[in-house]
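See below for the structure under consideration.
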Amino acid sequence: MRIGLLTEGGYPYVSGDARLWCDRLVRGLGQYEFDVYALSRSEDQEDEGWVALPPQVSRVRTAPVWTAADDGVRYGRRARRRFAECYGELVAALCAGAFGEASATEADRFGYALYGLAELARDEGGLVGALRSETAVRVLERACRAPGALRPAREARVPDLLTAAAHLEHALRPLSLDWYEDDGLGAVDLCHAASGGTAALPGLLARHFSGVPLLVTEYGVRLRTRYLTDTESSPPVRSLLAAFHGRLAAETYRQAAMITSGNAHARRWQERCGADRAKLRTVYPGMDAAPFAEVGESPRCAAPDTLVWVGRVEPAKDLISLLHAFAEIRRKEPGTRLRILGAPTGPEGAAYLGHCRALAAQLFPDEAEGPHAVGDNPVSFEEIGGPDAPSPAHAYASGAVVVLSSVVEGFPVSLVEAMFSGCATVSTDVGAVVEAIGGTGLVVPPRNPRALAEACVTLLRDPERRERLGAAARARALELFTVEQNIAAFHGIYLEIVSHTPVRRVVLDDTGEPLPFAVPAEAYVPGRWAQPTASAVGRGGPGRAETPVPAAEGAR
């Protein structure tokens, strides 16, 4: 089987998102051939290069989405009219409302326009010049001023129109790529988009032009991320872009053969955005359990009075609430210590770390005699890699209880690592935490220092319960969250999709003759083939039907 792996800002780049997951998937499915089609996110990402690729990656094709030079294509009168018609239909669908606010007719209108633009780009050589033209802005303006357009769109001024047109040009750049010929994505058996949004757009076009089935995997729903992060655009621009990405997500879900999510939280978002429940599968992220095996299987010998927090230092982790909770814990258990192990992410994280250090110094003044004496603060800020915590496994094993205090969380990687390590945990109820932890840890509401403190004190005072919860957590993690489980799930999904997909091409030998049995037998039979026939009714009565043999069995 030949898989076209589609990424945006991810694999095979060294600094790519979901790079590790994609690399493990490709290496774990060595029996398949992979073609990687990657959209790069920045010049720095391209300069950093690729990871070492396994031999089953036969081709890598890349294209930048962060820049696009003028392709020099100049349309004639007929092509300009065709562009104005398709682009006009697309922006009219956006002005009619964001996803969920208009009828299915607008969804069909959006799909018709999207594929019309793709066909125009294929016929004429590109869309970059047309999307940047004055015609595009004027078409967008007419759609915003049309009767029935939403109020934010009607209020768009010239700067808003220019900004929105530029964003749409950026988002539609994959339409101009030369990836969709028979020797490109048209030659693969299955397209697997490693995320939604722009990464899935080449998969939609491969399906449109060549009938290639599309699998979409989302460990974080791109549409949700855009809703949460677009806070600087003006209301008209925000409305138009939200409508575009909502319609693109709905079209992707509609055309995909199957959609996988990393947890139930993401799955609910996919359903709200139009995904058919029958197409949805939950495949948990695969994590390497081997580094935590020794710690997880060894008897617990950690400090019984130490709490451990591990992760990236940033505001979403809410270390402020953790420090206030620890102040309450110290009043009930005076000898308790707190180890915060992690590095800040960017300037915002560095500033947040400084704020946390200042708060810790204020809440826990040095416990020593004398006005100027230097004592021992019960809170320590460290980075993994030091002598006391040379690895994440040693960090988790250094305490009696592992704490997660986040207010925003997707799939809680650090929590699953703690589970692999056999640790008892106290977590906040955010994202996929409850789904990951099951009944093997204590869960409290976010931004509630008192509840967090009570749960921690409960476990600190009950070592037997900590042992039971830690053992149960490790067993659950090994059952659900390993790399092997993830690879096996996608292996089954690949086979399921291809088994329901008709053969699209004839394989020829060296002489140009069709090669018998070159394509695996398929189990796809179009139409309702299990209907009663006259002969069946005559032989067995109206209650029996003669079931035809599926193609897979007939081929044997």
*Partner set under ring-ring contact (aromatic ring centres under 6.0 Å, His included) for F292, not counting sequence neighbours*: none
*Taking the side chain from S261 and the backbone from N263, do they hold a donor-acceptor pair closer than 3.5 Å?*
yes
*asked:* Restricting to ring-ring contact (aromatic ring centres under 6.0 Å, His included), what partner residues turn up for F326, sequence neighbours left out?
replied: F364
*Identify, with sequence neighbours excluded, every residue that meets ring-ring contact (aromatic ring centres under 6.0 Å, His included) alongside Y37.*
W179
*Please list all pairs passing the side-chain hydrogen bond (donor to acceptor under 3.5 Å, both in side chains) test where one or both residues lie in residues 439-456, with sequence neighbours left out.*
none
*For R339, what residues pass the salt bridge (Lys or Arg N to Asp or Glu O under 4.0 Å) criterion, not counting sequence neighbours?*
E382
*Member of I340, L341, L323 meeting the side chain to side chain contact (heavy atoms under 4.5 Å, CB included) criterion with W309*: I340
*Stepwise ring-ring contact (aromatic ring centres under 6.0 Å, His included) test for F481 and F411*: CA-CA 11 Å; F481 307 128; F411 186 80; 5.5 Å; yes
Return all side-chain donor-acceptor pairs below 3.5 angstrom for residues 345-359, not counting sequence neighbours, or 'none' if the list is empty.
unit_1 : atom_1 : unit_2 : atom_2 : d
T345   : OG1    : E314   : OE1    : 3.2
Y352   : OH     : L319   : N      : 2.9
Y352   : OH     : I320   : N      : 3.3

*For R207, what residues pass the salt bridge (Lys or Arg N to Asp or Glu O under 4.0 Å) criterion, not counting sequence neighbours?*
none
*Listed by chain and number, what are the salt bridge (Lys or Arg N to Asp or Glu O under 4.0 Å) partners of R173, not counting sequence neighbours?*
E169
*salt bridge (charged side-chain N to carboxylate O under 4.0 Å, His left out) partners of residues 280-297, not counting sequence neighbours, each pair once*: R281-E496, E297-R474
_Partner set under ring-ring contact (aromatic ring centres under 6.0 Å, His included) for Y253, not counting sequence neighbours_ = none
*Could you note down all residue pairs passing salt bridge (charged side-chain N to carboxylate O under 4.0 Å, His left out) where residues 47-66 supplies at least one of them, sequence neighbours left out?*
R61-D178
*asked:* Is it true that T428 and S406 share a donor-acceptor pair across their side chains at a distance under 3.5 Å?
replied: no
Please tabulate, for side-chain N and O atoms in residues 484-494, each donor-acceptor pair with protein atoms closer than 3.5 Å (sequence neighbours left out).
unit_1 : atom_1 : unit_2 : atom_2 : d
N486   : OD1    : W21    : NE1    : 3.3
N486   : ND2    : Y219   : OH     : 2.9
N486   : ND2    : Y284   : O      : 2.9
H491   : NE2    : Y32    : OH     : 3.0
Y494   : OH     : H192   : ND1    : 2.6

